[in-house]
Amino acid sequence: MTVIDEVIQDDSTEKVTPAGGHPRIISLANQKGGVGKTTTAINLGTALAAIGERVLIVDLDPQGNASTGLGIDRRSRNVSTYDVLVGEASLRDAVVPTAVPRLHIAPSTMDLSGLELELGSTKDRAFRLRDAIAALNTDATTEPDYSYVLIDCPPSLNLLTVNAMAASDAILVPLQCEFFALEGLSQLLQTVEQVRSTLNPNLSIHGVVLTMFDSRNNLSNQVVADVRQFMGAKVYDTMIPRNVRISEAPSYGKPVLVYDLKCTGSEAYLRLATEVIRRERELKAAG
């Protein structure tokens with residue numbers, strides 16, 4: 001039995017339909033590393049903030065790359081998502097502002113890597129994040145609520161990812177244009193289906209964004225064709241290109257949209273944000 005199976009079996013009796021509407025909670029998930037999850041979380045969050053949305057990024061990866069990529073020094077992470085998930089702090093206590101207006105982050109630390117052992121078979125272990133976000137919504141004082149919460153998941157299907165999926169309205173899947181892309185996607189979709197049928201009936205796939213696309217590469221073009229055939233309209237029109245400015249930006253603690261607004265990577269993330277907003281409107285209209 002996998003970790004996912006164990007958590008779902010233990011916590012499925014605790015199933016509660018999440019409150020809808022506000023904020024929209026989207027997890028960026030893919031169990032494969034190096035596919036652009038963190039880069040997409042940072043830059044999609046920045047793009048949404050740039051067009052007026054109030055965005056919170058929740059860093060659930062023990063490596064803390066989303067926090068570093070937004071300029072949050074490791075020494076200043078006094079309260080982290082680890083403290084939130086073990087119940088020692090509220091999510092609001094962990095949230096810090098970034099250099100980007102309207103964009104905040106709840107940073108992570110390496111302590112998260114031991115969370116699974118620490119929580120063991122605790123009854124509500126799959127719902128720690130969901131409950132923390134719900135409390136964030138209800139204890140808002142002078143600050144307005146967030147319109148989007150983006151959760152940067154670790155590159156594995158573990159308790160942290162289950163917490164993200166149990167808390168989310170939808171999953172956004174960054175998918176690298178590489179040979180084994182569809183194989184990893186199938187596994188992720190199975191996990192999403194498991195979580196939907198047991199822990200979170202409202203969970204959906206928001207979309208798949210193809211990353212590190214190189215139009216000169218025949219393999220990239222073949223992967224794009226295969227994924228679009230497999231996932232249909234779920235694949236965003238926008239593809240994120242291979243772009244050296246995207247790779248450079250995190251070392252300066254900046255999103256690429258701040259580091260170089262005019263580069264092709266920045267333009268792609270702005271288009272992706274527009275697509276996300278459009279899909280949100282379509283979902284709202286349909287609902």
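Since the structure is predicted, the reported quantities are computational estimates derived from the model, not experimental observations. Only heavy atoms go into these numbers, but all of them, side chains included; no hydrogens, no water, no symmetry mates.
- Contact annotation: the side chain of Leu185 approaches that of Phe230 to within less than 4.5 Å [non-hydrogen atoms, C-beta and beyond].
- Following chains of ILVMFWY side-chain contacts shorter than 4.5 Å, one cannot reach Leu283 starting from Leu172, and the two form parts of different hydrophobic clusters.
- Residues Ile240 and Leu48 share a hydrophobic cluster, clusters being chains of Ile/Leu/Val/Met/Phe/Trp/Tyr side chains in contact below 4.5 Å.
- Rounding to the nearest 0.5 Å places CG of Asp59 at 7.5 Å from CG of Leu112.
- Of all non-hydrogen atoms in Tyr148 and Glu280, the two that sit nearest each other are OH-CG, 3.0 Å.
- In terms of modelled atom types and a separation under 3.5 Å, the side chain of Asn221 and the main chain of Asn217 share a donor-acceptor contact.
- Between Ser90 and Asp93, the side chains place a donor N or O and an acceptor N or O closer than 3.5 Å (distance only, hydrogens not considered).
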Practice item. Using the side-chain contact (heavy atoms from CB on, under 4.5 Å) rule, take Leu150 and Leu56 through it: C-alpha gap first, then chi angles, then the decisive distance, then the call. Key: CA-CA 6 Å; Leu150 304 180; Leu56 172 64; over 6 Å; no
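- Cation-pi geometry between Arg279 and Tyr236 is met: under 6.0 angstrom from the ring centre, within 45 degrees of the axis.
- Distance alone, capped at 3.5 Å, is enough to place a donor-acceptor pair between the Gln31 side chain and the Gly184 backbone.
- The line from CZ of Arg125 to CD of Glu116 is 7.5 Å long, rounded to the nearest 0.5 Å.
- Between Pro250 and Ser247, the shortest heavy-atom contact is CD-O, 3.4 Å.
- Counting heavy atoms from C-beta on, the side chains of Val192 and Ile205 come closer than 4.5 Å.
- Ion pair Arg245/Asp260 flagged as a salt bridge, since at least one NZ, NE, NH1 or NH2 atom sits closer than 4.0 Å to an Asp/Glu carboxylate oxygen.
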Exercise for review: Tell me, with the steps shown, if Arg74 and Thr109 meet side-chain contact (heavy atoms from CB on, under 4.5 Å).
Suggested key: CA-CA 8 Å; Arg74 291 185 184 277; Thr109 60; over 6 Å; no
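- Side-chain contact between Thr81 and Val58 is present, with heavy atoms from C-beta onward closer than 4.5 Å.
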Check your understanding: Where do Ser168 and Ile151 land on the side-chain contact (heavy atoms from CB on, under 4.5 Å) test, with the steps shown first?
Key -> CA-CA 8 Å; Ser168 294; Ile151 306 171; 3.7 Å; yes
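- We find the CZ-CG distance between Arg130 and Asp124 to be 8.5 Å, quoted to the nearest 0.5 Å.
- When all heavy atoms of Ile26 and His206 are compared, the pair lying nearest together is CD1-CD2, 4.0 Å.
- No donor-acceptor pair under 3.5 Å is formed between the side chain of Ser108 and the backbone N or O of Leu60.
- Considering all non-hydrogen atoms of both residues, Ala166 and Val195 come closest at N-CG1, 4.2 Å.
- Note on Ile171: it does not cluster hydrophobically with Val209, by side-chain heavy-atom contacts below 4.5 Å among ILVMFWY residues.
- Arg54 places no side-chain N or O within 3.5 Å of a backbone atom of Arg102 that could act as its donor or acceptor partner.
- Between Asp237 and Arg278, the closest side-chain pair of non-hydrogen atoms falls below 4.5 Å.
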Exercise for review: Starting from the C-alpha separation in whole Å, work towards a yes-or-no answer on side-chain hydrogen bond (donor to acceptor under 3.5 Å, both in side chains) for Asp152 and Thr38.
Suggested key: CA-CA 6 Å; Asp152 186 27; Thr38 298; 2.8 Å; yes
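- Although no hydrogens or angles enter the test, the distance criterion places a donor-acceptor pair under 3.5 Å between the side chain of Thr191 and the main chain of Gln187.
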Practice item. Determine, step by step, whether Thr211 and Gln176 satisfy the side-chain hydrogen bond (donor to acceptor under 3.5 Å, both in side chains) criterion, reporting the C-alpha distance in whole Å, the side-chain angles of both residues, the deciding distance to 0.1 Å, and the verdict. Key: CA-CA 5 Å; Thr211 63; Gln176 186 178 355; 5.9 Å; no
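- Panel note: side chain Asp111, backbone Gly114; no donor-acceptor pair is recorded below 3.5 Å.
- Taking OG of Ser220 as the reference point, atom CG of Asp214 lies at 5.5 Å (rounded to 0.5 Å).
- Hydrophobic cluster membership is shared by Tyr146 and Leu129, with clusters built from Ile, Leu, Val, Met, Phe, Trp and Tyr side chains linked at under 4.5 angstrom.
- Under a hydrophobic-cluster definition in which Ile, Leu, Val, Met, Phe, Trp and Tyr are linked whenever side-chain heavy atoms come within less than 4.5 Å, directly or via other members, Leu203 and Leu199 are assigned to the same cluster.
- Atom CD of residue Gln63 and atom CE of residue Met110 lie 7.5 Å apart, to the nearest 0.5 angstrom.
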Check your understanding: After noting the C-alpha distance and the side-chain angles of Tyr269 and Thr274, does the key distance pass the side-chain contact (heavy atoms from CB on, under 4.5 Å) rule?
Key -> CA-CA 9 Å; Tyr269 276 115; Thr274 303; over 6 Å; no
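- With a 4.5 Å cut-off on side-chain heavy atoms, Arg77 and Thr68 count as touching.
- Asp83 places a side-chain N or O within donor-acceptor distance of the main-chain N or O of Ser80, the cut-off being under 3.5 Å.
- Between the side chains of Asn218 and Gln222, no donor-acceptor pair is found at a separation under 3.5 Å.
- Side chain of Lys37 to backbone of Asn30: a donor-acceptor contact under 3.5 angstrom is found.
- Smallest separation of non-hydrogen atoms from Val79 and Pro107: O-CG, 3.9 Å.
- With rounding to the nearest 0.5 angstrom, the CD1 atom of Ile246 is 11.5 Å from the CD1 atom of Ile42.
- Within the 4.5 Å cutoff, no side-chain heavy atoms of Met212 are placed close to those of Cys177.
- Of all heavy-atom pairs spanning Arg128 and Asn163, the tightest one is N-OD1, 3.0 Å.
- No donor-acceptor distance shorter than 3.5 angstrom exists from the side chain of Asn43 to the backbone of Ser266, with no hydrogens or angles considered.
- With a 4.5 Å cut-off on side-chain heavy atoms, Val223 and Glu178 do not count as touching.
- Looking at heavy atoms from C-beta onward, Thr161 lies in side-chain contact with Asn158 at the 4.5 angstrom threshold.
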